[in-house]
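Here is how names work: the chains are called A, B, and so on, in the same order as the sequence lines, proteins then strands, and each is numbered from 1.
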Protein chains: 2
Amino acid sequence: MPRNSGVLELAVLGLLHDSPLHGYELRKRLNALLGSLRAFSYGSLYPCLKDMLARGLIAQETPAQSGGQRSRIVYRLTAEGKERFQDMLSEAGPSSWEDETFGVHFAFFGRTDAEVRLRILEGRRSRLEERLDGVRAALARTRERVDGYTLELQRHGLESVEREVRWLSELIDSERGAERHHQHMNGSTTTSEGGGDPSATTGR
Amino acid sequence: MPRNSGVLELAVLGLLHDSPLHGYELRKRLNALLGSLRAFSYGSLYPCLKDMLARGLIAQETPAQSGGQRSRIVYRLTAEGKERFQDMLSEAGPSSWEDETFGVHFAFFGRTDAEVRLRILEGRRSRLEERLDGVRAALARTRERVDGYTLELQRHGLESVEREVRWLSELIDSERGAERHHQHMNGSTTTSEGGGDPSATTGR
DNA sequence: GTTAGCATGTAAGGAGTTACATGATTTT
DNA sequence: AAAATCATGTAACTCCTTACATGCTAAC
């Protein structure tokens, strides 16, 4: 029984995949990675690490305390941890396109199979489109009852979701384009383009 | 000791301010009001109502079961509830411009003093600008380390926040304009053009 | 007559924060 | 020497969801 959300665990696995890190640094990278999406406190990170350690997903690496600072506990992925990471990435289910979860999955798309990427993007998009329908229906039903501010709030919310749908559509097109060009290199290149490089269509 | 978040309580107070409602209907309006921002389940709404009832903020009104359906428990605001609502609306503190809270406060701007509205809008904006600085700094620091997808995620997140800042700026300008000549330009602009002045559409 | 929606609730538990406690190291 | 930041951790608590339990009413 995992004591953590899955989101946090996935993010930790992903970050440790690149390089071993200690908790404090891990948290900073976590919050940089998720940016405005989410923020975790030590109170959730450390217990999570403890749990993952107990389950054998990560291992402690006490660095030689010769020159450097002591008291830093560096964690690295075990083979089981790598396996678990791949398993979690392969899961393209309803849990992959919820608000919080989607961002983390997306952040690790560089290590995700092209077909899984597409399924997650499309799942996320249709999820948002369902929500759009709901909000639009609610807007139509309550149009007369609400005041200007409530209306403005809902209008802005609607626009935000519509904007994200367009973003997803561009990404999906981009993925399909890359797929056609049979550029299916599944290399472990931590930098630049692997698979469908998303910056291709958004041009900046 | 309130057993609920404050957000939920404020929203319930605001909705019951308009008209008495029963729990089931209340929840629907709640989720319509907050749209894509948030959703509450019965498991949090009913206990909240129970608590608010115990604190005297709301009262049960068992409707005459002559013609209509039984088993519907209609709640209405008490005098204390109205007072509490006004108190909560007048609070323009850091708690008013957090993600979840801000939306609810905004939805009831129609009942909020103009000066408080401005302070909340400005507080929210500077909150987001702080976040922008943080994200931009993180982006600059990690530019070389991340792959295309991570970068795209952060870029999109940044754009979303920038967009909300512009929205807030338009609202603030609109508020100031309305404040200056105490009249509304009444463009009926519920669409994106100009942002409109929400307070103008339904004067009170 | 059975599925679907309306309506109210409770118990258990998950996920995470806050506040606290501790100590080392760096900066001022 | 004091203050800030790095670093790790725990306990209590908050807020909310899920799953369950119940019964009524409308539609098909």
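At least one side-chain nitrogen or oxygen of Ser41(A) sits closer than 4.0 Å to the OP1 or OP2 atom of dT17(C). Under 4.0 angstrom from either OP1 or OP2 of dT10(C) there lies at least one side-chain N or O belonging to Lys50(B). Applying the 4.0 Å criterion to OP1 and OP2 of dT17(D), one finds that Ser44(B) has a side-chain N or O inside that range.
Nucleotide dT17(C) holds its P atom 7 Å from the CZ atom of Arg38(A), rounded to whole Å. Rounding to whole angstrom units, OH of residue Tyr42(A) and C1' of dT22(C) are separated by 15 Å. Atoms CD1 (Ile73(B)) and P (dG9(C)) sit 4 Å apart, rounded to a whole Å. Spacing between atom CG of Leu30(A) and atom P of dG16(C) amounts to 11 Å, rounded to whole angstrom units. Rounded to whole Å, atom P of dC16(D) lies 12 Å from atom CG of Asn31(B). Separating the CG atom of Leu49(A) from the P atom of dT8(D) is a distance of 9 Å, rounded to the nearest angstrom. Between the P atom of dG9(C) and the CZ atom of Arg72(B) lies a distance of 14 Å, rounded to the nearest Å. Straight-line distance from the OH atom of Tyr46(B) to the P atom of dA19(D): 19 Å, rounded to whole Å.
Residues Phe108(A) and Tyr149(B) keep their aromatic ring centres 6.0 Å or farther apart.
Residue Ser5(A) is classed as a sugar-phosphate contact, given heavy-atom separations below 4.0 Å to backbone atoms only. Among the protein residues, Arg27(B) comes within range of no part of the nucleic acid, since none of its heavy atoms lies under 4.0 Å from any strand. Among the heavy atoms of the strands lying under 4.0 Å from Gly23(B) are primed sugar atoms or P, OP1, OP2 only; no base atom is included.
When atom types are taken as modelled, the side chain of Arg117(A) and the backbone of Thr112(A) share a donor-acceptor pair closer than 3.5 angstrom.
Annotation: cation-pi geometry not satisfied between Arg27(B) and Phe40(B) (NZ/CZ under 6.0 angstrom from ring centroid, within 45° of ring axis).
The Tyr24(B) side chain lies nearest to dT8(C) when the options are dG9(C), dC6(D), dT8(C). Of the candidates dT10(D), dC6(C), dT8(D), the closest approach to any side-chain atom of His22(A) belongs to dT8(D). Closest contact between the side chain of Phe40(A) and the listed nucleotides dC6(C), dG9(D), dG16(C) involves dG16(C).
Using modelled atom types and a 3.5 Å distance limit, the side chains of Trp167(A) and Glu162(A) yield no donor-acceptor pair.
Between Tyr24(B) and His22(B), the two ring planes are parallel [angle under 30°; tilted spans 30° to 60°].
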